[in-house]
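Quick notes on the structure that follows.
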Amino acid sequence: MLRRHLIFKLISTFRPPRSACIHERCYIFSNPLCTIAESSPSAGAGSVAESPEVPTWFNKQKADSTDSDEDFVIPSLASWVESHKLDDHTKVVLFPADEGDTDVNKVCKILKNRYPSYNKVVEELNGIDVRVSNSLIEQLLKRFDNDWMSASVVFTWAKSQTGYGHTPELFDTMVDILGKAKKFSIMWDLVKEMQQLKGYVTLATMSKVMRRLARDGRYSDAIEAFRGLEQFGISQNAEAMNQLMDALVKGDSVEHAYQVFTEFKELIPPTSVCFNILIHGFCRARKLEDAWKIMDEMEKHGYQPDVTSYTCFIESYCREKNFRKVDDVLDEMQRKGCKPNVVACTIIMKARGKAHQITQALEVYEKMKCNGCLPDGPFYRSAIVMLSKAGRLKDAREIFEDMKVQGLRPDVQAYTAMISSLCEHSQEEDALKLLKKMEEDLCKPDLYTYAPLLKMCCRKKRMKVLNFLLSHMLKNDLSIDLGTYALLVKGLCNSGKLEHASSFFKEMVMKGMVPHDSTYKMLVKELGEKNMTEAKQTIENLMRQAKEQNIVLAA
């Protein structure tokens, strides 16, 4: 747990003066790899600023006029960056270069080229010396998690290999990739193919289907998928119903979840989990009166509200910054002998921080101790974010380091929170060093880890480092999703790097994605203002092509 003296130190640091008032969706079907015409295309108000130490390389950079922002790499990180084989950083490619000659990289080197037909891709893949195995395909599907076209090519090609067969888990992964890309027609075709293989379609499969449908707002389709479970040999039991209801709630429709509850509660006796899903849904929709009614119905069915039930209300009141109501819920929990857990305490601390009540937020820890509740990783992560947003980067660093002292190994989310904080405060060197530390600790970053680093590189025009990060992402089997592409295009537009922004836009379309209208409009506007007429026309054609291709695939 957090050291007592550290908490006292932080509380005293934030203790205001007595007079102060402290008021936060396939290549195989659409031929996507065919050639496409080439183109050339802070801390908030009132926060206490800290004075960062000037890094040793800063003056050297200032004095060395031959170093451009694009080529500059912080000296202390140069050997790490240079150890990765980089493509020409002035060009953006479909797949960044990766080091080594592994089977995964051999396949990726084929897929990064553009071919006139699927048969040509297969011919090239069959010509490389690789051993097709479940582990190889698993890694490739993970790498192409946000690139459904390449994933489909790999998945279909592998099935044709003599002596090889996909596991049910790999089929499930492909179903999820297609669902995430909103290629529902192709997704259902794959599920039907699985149905022909005895025992391949499971509740885990259909849970992915229902969750992806609900997330896209296709609530009726998700419910119909549940109704059709028995055709796949899957029972319509409480676990399956809870999976559906949870998907509907997380897809922002507690109304449809309640519809399912009402329709099936006589056939499938609801569990306490079922009631908590509804309570969470109504609280999330800010329909607290309905949530309390579900709590009453829960008790009538013989279930006592638990810490999960009450935490839903705590989260809702915290969202409204109604801390009096939060205290009322805590009082009721105490009367019923239901102690708040670390999740509830973390929610309260985060809310107090967003309300700029930093002292009260840190005091939550003292109350946790009285209940024998110890901080966990998410609690620390929230504290790091809160302190950083308050302008107290030094204290956020101390919290991060204290995790190790207390025997908690920082996970990807903790590293991400600290890296994001450092990037927000323009601590470029320390942010990149922390990414390097993750590599040394065998802690794999995710897309959220890279996002602030990519954004910072765009802002600082660090093209060589940006290309290094893209290569580093590939090494960690991460493919760029639509949101990350949007971040890159926007960041590069703001930095005047329109050719790079146009390349990323083109890459999106080549991967079968439809760029957000806001991303498209921003790029077209910037190209127009710079009189880059030909590049602007290319982007307009690409956007039209993306929308037309999406309509065809959705039909």
Side-chain angles (χ1 to χ4, degrees), residues 25-36 93-98 100-197 200-201 205 208 473-481 507-513 549-550 552-553:
R25 131 143 42 154
C26 165
Y27 177 99
I28 310 149
F29 307 99
S30 64
N31 191 20
L33 294 182
C34 61
T35 303
I36 297 176
V93 293
L94 186 60
F95 301 98
D98 194 16
D101 195 29
T102 65
D103 285 354
V104 171
N105 293 331
K106 289 177 183 178
V107 173
C108 288
K109 286 175 183 178
I110 297 297
L111 294 178
K112 76 176 181 179
N113 298 313
R114 283 167 262 161
Y115 297 94
S117 69
Y118 169 71
N119 288 337
K120 182 60 177 176
V121 181
V122 172
E123 180 184 333
E124 294 294 328
L125 288 172
N126 287 337
I128 59 177
D129 181 24
V130 297
R131 178 181 175 274
V132 180
S133 64
N134 292 142
S135 60
L136 172 64
I137 304 306
E138 180 183 7
Q139 188 173 353
L140 285 167
L141 291 186
K142 182 178 180 181
R143 181 169 292 196
F144 298 133
D145 184 49
N146 294 300
D147 181 1
W148 74 274
M149 288 185 176
S150 296
S152 294
V153 171
V154 167
F155 192 82
T156 305
W157 165 71
K159 284 192 299 181
S160 68
Q161 301 304 297
T162 304
Y164 173 82
H166 288 310
T167 63
E169 292 77 18
L170 288 175
F171 269 99
D172 284 351
T173 299
M174 193 67 227
V175 164
D176 196 49
I177 290 173
L178 292 168
K180 180 161 62 169
K182 303 181 182 181
K183 308 305 174 186
F184 298 112
S185 177
I186 305 175
M187 178 191 75
W188 279 115
D189 286 341
L190 187 59
V191 173
K192 291 174 184 177
E193 180 183 337
M194 295 172 68
Q195 190 176 11
Q196 305 304 312
L197 302 169
Y200 271 55
V201 180
T205 309
K208 294 179 187 299
M473 288 173 66
L474 182 65
K475 179 181 177 181
N476 285 297
D477 300 317
L478 292 172
S479 59
I480 308 176
D481 64 354
E507 192 174 310
M508 272 191 278
V509 178
M510 291 177 69
K511 288 186 176 182
M513 300 179 187
Q549 177 177 280
N550 194 57
V552 171
L553 288 172

> Could you go step by step and tell me if Met187 and Ile177 meet the side chain to side chain contact (heavy atoms under 4.5 Å, CB included) rule?
Replying inline: CA-CA 9 Å; Met187 178 191 75; Ile177 290 173; over 6 Å; no
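- Shortest non-hydrogen contact noted between Asp103 and Arg131 is OD2-N, 3.3 Å.
- Asn146 places no side-chain N or O within 3.5 Å of a backbone atom of Ile480 that could act as its donor or acceptor partner.
- A heavy-atom distance below 4.5 Å is not found between the side chains of Thr173 and Lys142.
- Ring geometry for Tyr200 against Phe171 counts as perpendicular: the plane angle is over 60°, on a 0 to 90° scale with 30° as the lower cut.
- Between Ser152 and Leu178, the closest side-chain pair of non-hydrogen atoms falls below 4.5 Å.
- When atom types are taken as modelled, the side chain of Asp176 and the backbone of Lys208 share no donor-acceptor pair closer than 3.5 angstrom.
- Rounding to the nearest 0.5 Å gives a distance of 10.0 Å between CG of Asp147 and CE of Met510.
- Ion pairing between Asp481 and Lys180 fails under the 4.0 Å rule for side-chain N and carboxylate O.
- Note that OG of Ser185 and CG of Leu190 are 11.5 Å apart. Values are rounded to the nearest 0.5 Å.
- A 4.5 Å side-chain heavy-atom check between Val153 and Phe144 finds every atom pair outside the cut-off.
- Across all non-hydrogen atoms, the minimal contact from Lys511 to Met149 is C-SD, 3.7 Å.
- Two residues are said to be in side-chain contact when any heavy atoms from C-beta on lie closer than 4.5 Å; Asp477 and Asp145 fail this criterion.
- Counting only distance, with no hydrogens or angles, the side chain of Ser479 and the backbone of Arg143 share a donor-acceptor pair below 3.5 Å.
- Among residues two or more places apart in sequence or in another chain, the side chain to side chain contact (heavy atoms under 4.5 Å, CB included) test is passed with Glu124 by Ile110, Tyr115, Lys120.
- Counting only heavy atoms from C-beta outward, the side chains of Phe155 and His166 approach each other to under 4.5 Å.
- The local environment of NZ in Lys159 is crowded, with over 12 non-hydrogen atoms from other residues, nucleotides or ligands closer than 6.0 Å.
- Annotation: side chain of Ser150 is not in contact with side chain of Leu140 (no heavy-atom distance under 4.5 Å).
- Between the side chain of Ser160 and the backbone N or O of Trp157, at least one donor-acceptor pair lies under 3.5 Å.
- Here the options are Ile128, Leu136, Leu125, the test is side-chain contact (heavy atoms from CB on, under 4.5 Å), and the partner is Lys106; only Ile128 passes.
- Asn105 contributes atom CG, which lies 8.0 Å from atom CD of Gln139 (distance to the nearest 0.5 angstrom).
- The backbone N or O of Gly165 lies less than 3.5 Å from a partner atom in the side chain of Asn134, making a donor-acceptor pair.
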